[in-house]
Structure formats: C-alpha cells, structure tokens
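Below is one structure, written out as structure tokens; the observations come after it.
Here, residue 1 is the first one in the sequence, and each next residue gets the next number.
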Amino acid sequence: WGKKRKFKKQMQLSNQHGLASHYQRKGTWRSNAELWFEERFLALDTGWSLEGATPIHLNDQNVLVPDFTFMKNGVRLHMEIIGFWRKDYLEQRLKQCPENVFFAVSRKLISDKKKLTAKQQEKLILFAEIIPAKDVLNRLEAHL
C-alpha cells in the first residue's frame with residue numbers, strides 16, 4: 001500500500017468471519033410450471049416422495065440435474081422439464097439419459113416442427129402451461 005508500495009498486505013475472508021450481505025435472500029428461482037406441478041402432485045397423495053435434485057452423470061462432459069426426483073419402494077425416477085427446445089437437442093438428451101429419466105416437454109415452446117418418433121415420444125409428457133400431475137403419476141406407477 002502507499003505510493004512506493006513498501007508494505008504488502010493480504011486479506012483473507014472465510015465463512016467463519018460472520019459477514020452477511022445487506023441484500024435480502026431470495027432463494028432459488030423456480031418456474032411457474034415447477035411450482036404448479038409440485039402443488040398438484042403433492043395434493044394427489046400418491047405415496048411417491050419428492051426429493052432434492054440428484055445430479056446424473058451422462059458422459060464425459062455432460063451432467064443432468066433433473067427438476068424432480070421421485071422415490072417409492074426403492075425405485076428412483078427423475079423428471080426434467082424442457083421449455084424451449086429443438087428436435088435435435090431433445091433427441092440428444094433422449095439418447096444420453098438412462099431409462100429412469102423422463103421429460104416434461106412444452107408444446108408451446110417448440111422451435112422445430114419436425115415430428116419425433118413414437119419411441120422417442122414414450123419418454124415425454126407434453127404440456128401447455130401446467131404439467132399434468134396425473135400423467136406423471138401414471139408414468140411413475142408404470143415403473144413399479
């Protein structure tokens with residue numbers, strides 16, 4: 001510090017110093033689709049529990065952090081919500097993901113009008129604005 005920089009100082013901070021931001025904590029942003037689905041799914045009283053996001057390692061450079069992880073009787077399934085999408089992106093995701101992952105896909109936010117094959121559509125639940133909780137439950141129950 002100073003004009004001649006004679007003195008060198010070092011400052012170290014850690015979480016143990018008790019500093020707190022003056023900004024209000026806002027938490028993690030969640031879309032309306034996520035909030036509405038969770039509300040409706042929990043109201044069904046299905047016996048499936050919703051767990052926190054569990055990262056799934058897909059390959060050398062790709063990881064998927066699904067929006068919802070469901071657990072019942074030792075069976076764990078994951079649902080990823082995809083809003084804006086193109087066919088090639090969705091095809092790539094379908095190839096990379098294991099069998100216990102399925103997708104809720106927005107009909108309204110498609111940017112590529114090419115059709116998906118029937119086999120590809122088996123892992124999809126289409127929605128407009130609200131993800132149908134009963135369709136998700138049917139998909140989960142089919143894996144038991």
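- A salt bridge does not link Arg93 to Glu80: none of the charged side-chain nitrogens sits closer than 4.0 Å to a carboxylate oxygen.
- Salt-bridge check for Glu91 with Lys87: passed, with a basic side-chain N closer than 4.0 Å to an acidic carboxylate O.
- Only one option out of Ile56, Val101, Thr54 pairs with Thr69 in a side chain to side chain contact (heavy atoms under 4.5 Å, CB included); it is Thr54.
- Trp85 places a side-chain N or O within 3.5 Å of a backbone atom of Ser106 that can act as its donor or acceptor partner.
- The hydrophobic cluster around Leu19 extends to Met11, Leu13, counting ILVMFWY residues whose side-chain heavy atoms fall within less than 4.5 Å of a member.
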Would Arg76 and Glu51 count as a side-chain contact (heavy atoms from CB on, under 4.5 Å) if you check the C-alpha gap in whole Å, the side-chain angles of each, and the deciding distance to 0.1 Å? CA-CA 10 Å; Arg76 181 181 304 230; Glu51 297 184 349; 3.4 Å; yes
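- From Leu35, atom CG reaches atom CZ of Arg40 across 10.5 Å, with rounding to the nearest 0.5 Å.
- Looking at heavy atoms from C-beta onward, His17 lies out of side-chain contact with Gln12 at the 4.5 angstrom threshold.
- Using a 4.5 Å heavy-atom cutoff, the side chains of Gln96 and Gln92 are in contact.
- A donor-acceptor contact shorter than 3.5 Å links the side chain of Gln120 to the backbone of Thr117.
- Between Glu38 and Arg30 there is a side-chain heavy-atom pair separated by less than 4.5 Å.
- Other cluster members for Trp36: Ile130, joined by side-chain heavy-atom distances under 4.5 Å among Ile, Leu, Val, Met, Phe, Trp and Tyr.
- Distance check, rounded to the nearest 0.5 Å: NE2 of His78 to CE of Met71 gives 9.5 Å.
- One distance of note links CD1 of Ile82 with CG of Leu126; it measures 11.0 Å at 0.5 Å rounding.
- Using a distance-only test at 3.5 Å, with no hydrogens or angles considered, no donor-acceptor pair links the side chain of Asn62 to the main chain of Leu58.
- A distance-only check finds no donor-acceptor pair linking the side chain of Lys123 to the backbone of Leu94 [under 3.5 Å].
- For the atom pair Asp67 CG and Glu34 CD, the distance stands at 4.5 Å (nearest 0.5 Å).
- When every heavy atom of Lys72 is checked against every heavy atom of Thr46, the shortest pair comes out as NZ-O, 3.3 Å.
- The other residues sharing a hydrophobic cluster with Leu77 are Phe37, Phe41, Leu42, Leu44, Trp48, Leu50, Phe68, Phe70, Val75, Met79, Ile81, Phe102, Ile125, Phe127, Ile131, Val136, Leu137, Leu140, Leu144, where clustering joins ILVMFWY side chains under 4.5 Å apart.
- Distance alone, capped at 3.5 Å, is enough to place a donor-acceptor pair between the Arg139 side chain and the Glu122 backbone.
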